[in-house]
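Read through the structure below, which is laid out as structure tokens, and then see the notes.
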Amino acid sequence: MNCRVIRIAVIPGDGIGVDVTAEATKVVRAACDVSGRRPELVTLPWSADHYLETGVTVPPDGYARLRDHDAILVGALGDPRVPDNRHARDILLGTRLELDLYVNYRPVRLLDERLCPLKGRTKDDVDFVVCRENTEGLYVGIGGRFKAGTEDEVAIQEELNTYKGVSRIVRYAFEYAKASGRSRVCMADKSNAMQHGHALWQRVFQEVAATYPEIEPRHLYIDALVLLMVEDPSAFEVIVTNNLFGDIITDLGAALQGGLGLAASGNLHPGRTSMFEPVHGSAPPLAGKNVANPMGAILSAALMLEHLGLLEEATAIERAVRQAVVARQGTRDIGGALGTRETGDYIAAAIRG
Ligand code: NAD
Ligand code: IPM
Ligand code: MN
């Protein structure tokens with residue numbers, strides 16, 4: 001075993017981000033205690049509270065500090081007191097861009113059939129991964145408002161698609177399919193309406209697919225894809241799409257697996273410091289009430305450990321979460337009667353055995 005101390009930056013953030021991150025770190029410690037690891041968890045206060053108190057979203061050396069860690073674990077960012085979402089743009093989107101975390105890896109996996117909102121679907125039917133492009137598209141902030149606040153206002157938001165950016169995410173999707181024994185990759189765009197940017201996606205997809213003869217490529221327009229996600233989720237193994245479409249379809253994916261409280265994600269740049277977070281947001285009405293489901297955050301922490309090569313710990317966490325879900329030892333959204341903390345305690349205890 002490699003005994004180098006693993007350093008993890010933890011950003012609980014806002015709202016239920018704070019609640020669920022406490023449980024995710026509790027469970028990480030339990031899994032590491034069992035395996036004999038001692039990771040160093042360094043909590044950073046970056047959040048709406050911190051921004052409102054200090055005027056600072058991310059300090060000047062902030063991204064460099066993050067790069068100095070092996071991984072980053074985030075709760076959620078978003079607060080009604082910051083209506084322009086400035087801090088979340090710097091902390092969350094800023095980290096994705098500054099650390100060049102070009103893959104937003106979002107598994108959609110049904111852990112228990114009773115949680116699927118679709119009739120008659122089994123666990124085998126809902127098991128795919130969305131590879132969302134995470135550094136380009138409509139998220140780059142290129143544009144502006146002219147004559148803002150007047151009746152002549154013009155607002156422009158540009159979508160950026162580069163050959164390099166599209167190529168690397170499409171290639172990641174094929175590589176992931178190959179490495180995980182999956183045989184189908186579906187690319188979704190809107191090239192029938194967006195004849196410039198999405199023609200580039202078409203070109204790249206065809207080029208990359210030709211180099212993976214063992215993988216079956218498929219293309220769907222994004223509107224047709226969401227229809228099929230509901231009608232027959234078993235049609236998918238790996239989906240690759242742009243930043244905005246990936247954001248939207250992964251909330252739908254979360255619904256297919258039993259709700260936002262269960263959905264996990266990783267913002268990855270293979271070989272570099274990557275960031276892990278649940279798909280859900282800060283859910284202000286639930287904040288601090290011990291009701292938020294921490295499982296999405298806990299499963300994101302498991303993805304983090306897997307990414308760091310701590311496979312034994314990651315597997316132990318996934319197994320304990322699955323068992324808790326099936327036994328209804330969780331929050332109300334999954335049919336349980338536990339609070340956030342008690343759910344974390346249950347999973348940690350199951351891991352400790
Ligand atoms: P949300 O994900 O916070 O909540 C959507 C719905 O899901 C709500 O009904 C909420 O109660 C429920 N929900 C979410 N997480 C849950 C959990 N763990 N357990 C039980 N129920 C859960 O989305 P929203 O309401 O659109 O956004 C609230 C804020 O969060 C906004 O500021 C938004 O920008 C931000 N946001 C942040 C992230 C992130 O940090 N990654 C993601 C999405 C939204
Ligand atoms: C997500 C979130 C973010 C996004 C928001 C908070 C900017 O919805 O991670 O899914 O759109 O990427
Ligand atoms: Mn989202």
Side-chain angles (χ1 to χ4, degrees), residues 10-24 46-49 51 57 72-97 101-108 115 117 130-141 157 241-255 257-268 275-301 321 325 330-336 338-344:
V10 181
I11 306 174
D14 304 323
I16 63 164
V18 177
D19 307 338
V20 299
T21 304
E23 303 317 308
W46 309 348
S47 61
D49 277 346
Y51 172 52
T57 55
I72 308 157
L73 185 64
V74 173
L77 291 146
D79 187 300
R81 295 169 301 164
V82 188
D84 66 359
N85 215 24
R86 164 83 205 280
H87 72 301
R89 278 211 309 281
D90 286 358
I91 300 166
L92 189 68
L93 303 183
T95 301
R96 290 176 184 168
L97 293 180
L101 306 176
Y102 67 91
V103 182
N104 199 323
Y105 172 89
R106 296 188 158 182
V108 177
L115 292 176
V130 177
C131 297
R132 164 188 176 188
E133 201 294 318
N134 212 28
T135 51
E136 301 195 341
L138 274 162
Y139 276 66
V140 291
Q157 190 94 38
T241 191
N242 69 32
N243 208 338
L244 182 65
F245 295 164
D247 175 50
I248 297 167
I249 66 169
T250 50
D251 265 37
L252 175 56
Q257 57 190 311
L260 267 172
L262 285 167
S265 81
N267 301 263
L268 317 175
M275 173 169 75
F276 298 82
E277 48 163 352
V279 174
H280 66 73
S282 55
L286 308 185
K289 296 189 175 147
N290 198 34
V291 293
N293 186 346
M295 289 172 169
I298 292 169
L299 290 170
S300 301
V321 171
V325 168
T331 44
R332 286 178 59 173
D333 55 308
I334 63 151
L338 300 184
T340 309
R341 285 189 292 276
E342 292 70 25
T343 302

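When a ligand or atom number is given, it counts from 1 through the structure's own listing order. For the numbers below, each heavy atom of this structure counts, side chains included, while hydrogens, waters and symmetry mates do not. Treat the numbers as computed from the prediction; the structure is a model and nothing was measured. Here, residue 1 is the first one in the sequence, and each next residue gets the next number.
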Original post:
What heavy-atom pair brings L262 and L299 nearest, and what distance separates the two atoms?
Top reply: O-CD1, 3.6 Å

Subject >> In the protein, N/O/S atoms that are found under 2.8 Å from the Mn ion (ligand 3), waters not counted >> reply: D247 OD1

**OP:** Keeping the roles fixed (side chain from T250, backbone from D247), state whether a donor-acceptor pair exists under 3.5 Å.
**Re:** yes

Original post:
For the residue pair E277 and S265, what are the closest heavy atoms and their distance?
Top reply: O-OG, 2.8 Å

Subject >> T331 and D333: CA distance, side-chain angles, deciding distance, side-chain hydrogen bond (donor to acceptor under 3.5 Å, both in side chains) verdict >> reply: CA-CA 6 Å; T331 44; D333 55 308; 2.5 Å; yes

Original post:
Between N267 and M275, is there a donor-acceptor pair closer than 3.5 Å when you use the side chain of the first and the backbone of the second?
Top reply: yes

Original post:
What is the minimum heavy-atom distance between H280 and A76, and which atoms define it?
Top reply: O-CB, 4.1 Å

**OP:** Identify the protein heavy atom lying closest to atom 1 (C) of ligand 2, giving its residue, its atom name and the separation to 0.1 Å.
**Re:** R106 NH2, 3.4 Å

Original post:
What are the two closest non-hydrogen atoms of G13 and L77, and how far apart are they?
Top reply: CA-CD2, 3.8 Å

Original post:
Tell me: protein heavy atom nearest atom 8 (O) of ligand 2, and distance?
Top reply: D247 OD1, 3.2 Å

Original post:
Would you say L252 and I248 make side-chain contact, with heavy atoms under 4.5 Å?
Top reply: no

**OP:** Mind listing the closest non-hydrogen atom pair of D84 and R89 along with its distance?
**Re:** O-NH1, 2.8 Å

Subject >> Closest protein heavy atom to atom 6 (C) of ligand 2, given as residue, atom name and distance to 0.1 Å >> reply: L92 CD2, 4.0 Å

Original post:
Would you call D79 and R81 a salt bridge, using N to O less than 4.0 angstrom?
Top reply: yes

Subject >> Nearest-neighbour protein heavy atom for atom 11 (O) of ligand 2, which is reported as residue plus atom name and distance >> reply: Y139 OH, 2.6 Å

Original post:
Minimum heavy-atom separation for S300 to G296, with atom names?
Top reply: OG-O, 2.7 Å

**OP:** Do me a favour and list the nearest non-hydrogen protein atom to atom 7 (C) of ligand 2 with residue, atom name and distance?
**Re:** L93 CD2, 4.0 Å

Original post:
After noting the C-alpha distance and the side-chain angles of S282 and D14, does the key distance pass the side-chain hydrogen bond (donor to acceptor under 3.5 Å, both in side chains) rule?
Top reply: CA-CA 6 Å; S282 55; D14 304 323; 5.5 Å; no

Original post:
Out of curiosity, is H280 lining ligand 2, as in a heavy atom under 4.0 Å away?
Top reply: no

Original post:
Under a 4.0 Å heavy-atom cut-off, what residues line ligand 1?
Top reply: I16, A76, L77, G78, D79, L92, L260, G261, E277, V279, H280, G281, S282, A283, P284, L286, A292, N293

Original post:
Run the side-chain hydrogen bond (donor to acceptor under 3.5 Å, both in side chains) check on E133 and T135 step by step: do they pass?
Top reply: CA-CA 6 Å; E133 201 294 318; T135 51; 2.6 Å; yes

**OP:** Could you tell me whether some N/O pair between R96 and ligand 2 is separated by less than 3.5 angstrom?
**Re:** yes

